[in-house]
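Keep in mind it's a predicted model, so treat the numbers as computed, not measured. The basis for the numbers below is simple: all heavy atoms, side chains too, and nothing from hydrogens, waters or symmetry mates. Residues take their numbers from the sequence shown, with the count starting at 1.
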Amino acid sequence: MGMNGSTMLEPLRQGLPPIDPAAVSSAASCALPARYEAVREARQFTGRTLNQWNLSERFDDVALVVSELVTNALRHALPSDTPRDDEPPVRLHLMHWTSRLVCAVRDPSRQNPVARETEEDCAAESGRGLLLVDSFADSWGWHPSPSSPFDSSRAYPNAGTLGGKVVWALFRLGTD
């Protein structure tokens with residue numbers, strides 16, 4: 001499930017807050033299938049990766065954000081007729097710089113993520129994921145994905161050949 005390498009992560013550096021790309025010390029990525037069990041797989045991958053990077057003390061905050069970003073991708077970014085056995089449509093990327101950690105989730109949708117207003121429905125059981133991301137990460141954002149790791153037009157005919165978007169969250173590690 002894991003895949004290391006900065007080549008796959010190069011497009012994710014576009015649109016992120018300014019970080020010297022040469023300062024990246026570690027990067028990891030995993031493909032996630034179009035099923036809700038993928039959220040658990042993403043948390044497990046995050047835990048293993050943070051442990052390897054000696055960042056396990058950040059697991060709780062990072063895993064919560066990863067869970068929300070992956071859940072949003074599965075719930076809002078996939079067409080209802082998404083093939084379950086084809087190429088996984090969602091990908092989690094983790095990038096570690098000396099003083100920063102970035103979690104990024106790529107999905108095939110071009111629709112921008114929208115955080116709900118807090119007054120909208122305080123009793124709702126869902127809809128507060130991006131508010132949690134905003135609360136636990138130091139910053140977050142999104143940008144269109146310049147390319148897809150697979151031909152999205154085959155699996156997602158309405159998505160075109162450029163694949164979707166990337167939603168990212170940044171965590172500061174220590175002092176900058």
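- The shortest side-chain heavy-atom distance between His96 and Leu55 falls under the 4.5 Å cut-off.
- For the pair Leu173/Arg58, a side-chain contact is recorded, criterion being any heavy-atom separation below 4.5 Å from C-beta on.
- Contact annotation: the side chain of Pro33 approaches that of Glu41 to within less than 4.5 Å [non-hydrogen atoms, C-beta and beyond].
- Between Arg75 and Glu68 there is no salt bridge, since none of the side-chain N atoms of the basic residue sits less than 4.0 Å from a carboxylate O of the acidic one.
- No side-chain heavy atom of Trp168 sits less than 4.5 Å from a side-chain heavy atom of Leu69.
- The structure places CD of Gln44 at 10.5 Å from SG of Cys30, a figure rounded to the nearest 0.5 Å.
- Here Asp61 contributes atom CG and Asp138 contributes atom CG; the two are 9.5 Å apart, rounded to the nearest 0.5 Å.
- What you find for Ser29 and Arg91 is that their closest heavy atoms are OG-NH1, 2.9 Å.
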Given Lys165 and Ser109, is the side chain to side chain contact (heavy atoms under 4.5 Å, CB included) satisfied, shown in steps? CA-CA 6 Å; Lys165 69 177 172 302; Ser109 172; 3.6 Å; yes
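- Nearest approach of Ala63 to Arg43, heavy atoms of both residues: O-CG, 4.0 Å.
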Stepwise side chain to side chain contact (heavy atoms under 4.5 Å, CB included) check, Phe45 with Val66: CA-CA 10 Å; Phe45 175 79; Val66 163; over 6 Å; no
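- The distance from the CZ atom of Arg48 to the CZ atom of Phe59 is 10.5 Å, given to the nearest 0.5 Å.
- Atoms CG and CH2, from Leu130 and Trp140 in turn, are 4.5 Å apart once rounded to the nearest 0.5 Å.
- Contact check for Trp97 versus Ser26: no side-chain heavy atoms found under the 4.5 Å cut-off.
- Annotation: side chain of Tyr36 is in contact with side chain of Leu74 (closest heavy-atom distance under 4.5 Å).
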Given Leu132 and Val65, is the side chain to side chain contact (heavy atoms under 4.5 Å, CB included) satisfied, shown in steps? CA-CA 7 Å; Leu132 288 171; Val65 167; over 6 Å; no
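- To the nearest 0.5 Å, atom CG of residue Asn72 and atom CH2 of residue Trp142 are 13.5 Å apart.
- Nearest heavy atom pair, residue Phe136 against residue Phe171, reads O-CE2, 3.4 Å.
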Walk me through it: do Val62 and Cys103 pass the test side chain to side chain contact (heavy atoms under 4.5 Å, CB included)? CA-CA 8 Å; Val62 174; Cys103 311; 3.5 Å; yes
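- A donor-acceptor pair shorter than 3.5 Å cannot be found between the side chains of Ser99 and Arg172.
- In this structure, the separation between CG on Leu92 and OG1 on Thr49 is 8.0 Å, given to the nearest 0.5 Å.
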